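Worth knowing before you read on, the calculation uses all heavy atoms, side chains too, and leaves out hydrogens, waters and symmetry mates. Computed from a prediction, not measured in an experiment: that's the story for all the values here.
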Amino acid sequence: MPELPEVETTRRGIAPHVIGRTIRDAVIRNRRLRWPITHGLATRLRGRQVQAVERRGKYLLLRCDCGTLILHLGMSGSLRLVDAAAAVGKHDHFDLLFDTGMALRLTDPRRFGAVLWTADEPAQHPLLRDLGPEPLTAEFDGAYLFARSRGRKTAIKQFIMDGKVVVGVGNIYANEALFRVGIHPARAAGRLSHERCQRLAAAIEEVLREAIAQGGTTLRDFVGGDGKPGYFAQRLRVYDRAGEPCPVCGTAIKQLRQGQRSTYYCPHCQR
DNA sequence: ACGAAGCCCTGCAAGC
DNA sequence: TGCTTGCAGGGCTTCG
């Protein structure tokens, strides 16, 4: 569910409510997420003050006074600020209770998400250490994409979804970015010209920025930290539109599978 | 090193 | 009305 824009929307939604606040307690109702929530976590968190809420790829980082809480929303996770006394749902696995009487609640039906603690610099954590550049920074551009893709036979769509190449580009936005620049999703990454790499890097940045500005994409029931839905879904041009006419040329949008993920593209516009 | 596939898990829609 | 099947926004891990 959450791609980079949704995680960023969540970060912006929760940051003003938790920065400077003290964690009174942590409630773990189901520790079986992607990796089990460690037993000592609540003890570690009690009394900690949140100093910053950052994002690295799709990981959210709650920097505290003596360590960092690393959160990932997986495929179906969401974070909401609720009243600490709010009714608890079936998939509300984890709460951070603050001195304000509010709780930061992690809901994640599929439990692909994660809640981890690190006392060290989070960038050195094994899960974050090998991640590629952020797509919305100067580090990521056409020259980088070109250089990284040389010699790679992987389909360009899977290439840009690889977190070691660039973080935060999930299935929806990979599809949308490739459509915008007319690149066929199955084209070998290493065969893209420098020119096309530049356009693609720009399109990835553009689609992510637009989605963030719209508050993310709402599919099923995604909501940002402030509880408001995102509005980018109505702007999607090919994602989940198999059989519908291409908004540019009218040709029926096609669907194929790449690495167990659905790909949508216009067979006329994308080469 | 790369590349493809498997797997973690629940919910929902479609088909019979 | 039920059942079964396949698919869903991610990404680590394993195997060749």
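Distance from the side chain of A/W35 is smallest for C/dT13 among the nucleotides C/dG9, B/dG11, C/dT13.
One atom, CZ of A/R56, and another, P of C/dG11, lie 12 Å apart when rounded to the nearest Å. Atom CG in A/D130 sits about 12 Å away from atom P in B/dC2, given to the nearest Å. A straight line from CZ of A/R32 to C1' of B/dT10 spans 15 Å, rounded to a whole angstrom. In this structure, CD of A/Q258 is placed 14 Å from P of C/dG10, rounded to the nearest angstrom. Between the C1' atom of C/dC12 and the CG atom of A/L127 lies a distance of 8 Å, rounded to the nearest Å. Here C/dG9 presents its P atom at 8 Å from CD of A/E3, a figure rounded to the nearest Å. Between A/R110 atom CZ and C/dA8 atom P the separation is 10 Å, expressed in whole Å. When rounded to the nearest whole Å, the span between OH of A/Y173 and P of C/dG9 equals 12 Å.
By the 6.0 Å contact criterion, CZ on A/R31 is enclosed, its count of non-hydrogen atoms from other residues, nucleotides or ligands being greater than 12.
If you check B/dC9 for Watson-Crick or wobble pairing at under 3.5 angstrom, you find it has no partner at all. In this structure, C/dT14 forms a base pair with B/dA4, meeting either the Watson-Crick or the G-U wobble geometry with both donor-acceptor distances under 3.5 Å.
At the phosphate of B/dG11, OP1 or OP2 sits under 4.0 Å from a side-chain N or O atom of A/K90. In this model, the phosphate group of C/dC12 is approached by a side-chain N or O of A/Y59 to a distance below 4.0 Å at OP1 or OP2. Not one side-chain nitrogen or oxygen of A/R111 sits closer than 4.0 Å to the OP1 or OP2 atom of C/dG11. Under 4.0 angstrom from either OP1 or OP2 of C/dG10 there lies no side-chain N or O belonging to A/H72. Residue A/R261 places at least one side-chain N or O closer than 4.0 Å to OP1 or OP2 of C/dG9. Taking only side-chain nitrogens and oxygens, A/H91 never comes nearer than 4.0 Å to OP1 or OP2 of B/dC9.
Residues A/R80 and A/T107 bring no donor and acceptor atom of their side chains to less than 3.5 Å of each other. Between the side chains of A/Q258 and A/T263, at least one donor-acceptor pair of N or O atoms lies under 3.5 Å. For A/Y144 and A/R148, the side-chain atoms include at least one donor-acceptor pair closer than 3.5 Å.
A gap of 23 Å separates the P atoms of B/dC12 and C/dG11, to the nearest Å. For the P atom pair drawn from B/dA5 and C/dC7, the interatomic distance equals 15 Å after rounding to whole Å.
Ranked by how close their nearest DNA chain C nucleotide is to the 5' end, A/Q255 and A/G259 are led by A/Q255.
We find that the ring of A/F112 and the base of B/dC9 do not stack by the test of centres under 5.5 angstrom and planes tilted less than 30°.
Remark: nothing in residues 149-167 of chain A comes within less than 4.0 Å of DNA chain C through any heavy atom.
In this structure, A/Y239 has its ring center at least 6.0 angstrom away from the ring center of A/F232.
Geometrically, A/R150 engages A/F146 in a cation-pi contact, judged by NZ or CZ lying under 6.0 Å from the ring centre and within 45° of the ring axis.
The main-chain N or O of A/F159 is never found under 3.5 Å from a side-chain atom of A/D162 such that the two would form a donor-acceptor pair.
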- Task: Report the C-alpha distance between A/R257 and A/S262 in whole Å, list the side-chain angles of each, state the deciding distance to 0.1 Å, and finish with yes or no for side-chain hydrogen bond (donor to acceptor under 3.5 Å, both in side chains).
- Result: CA-CA 5 Å; A/R257 290 194 80 73; A/S262 277; 3.2 Å; yes
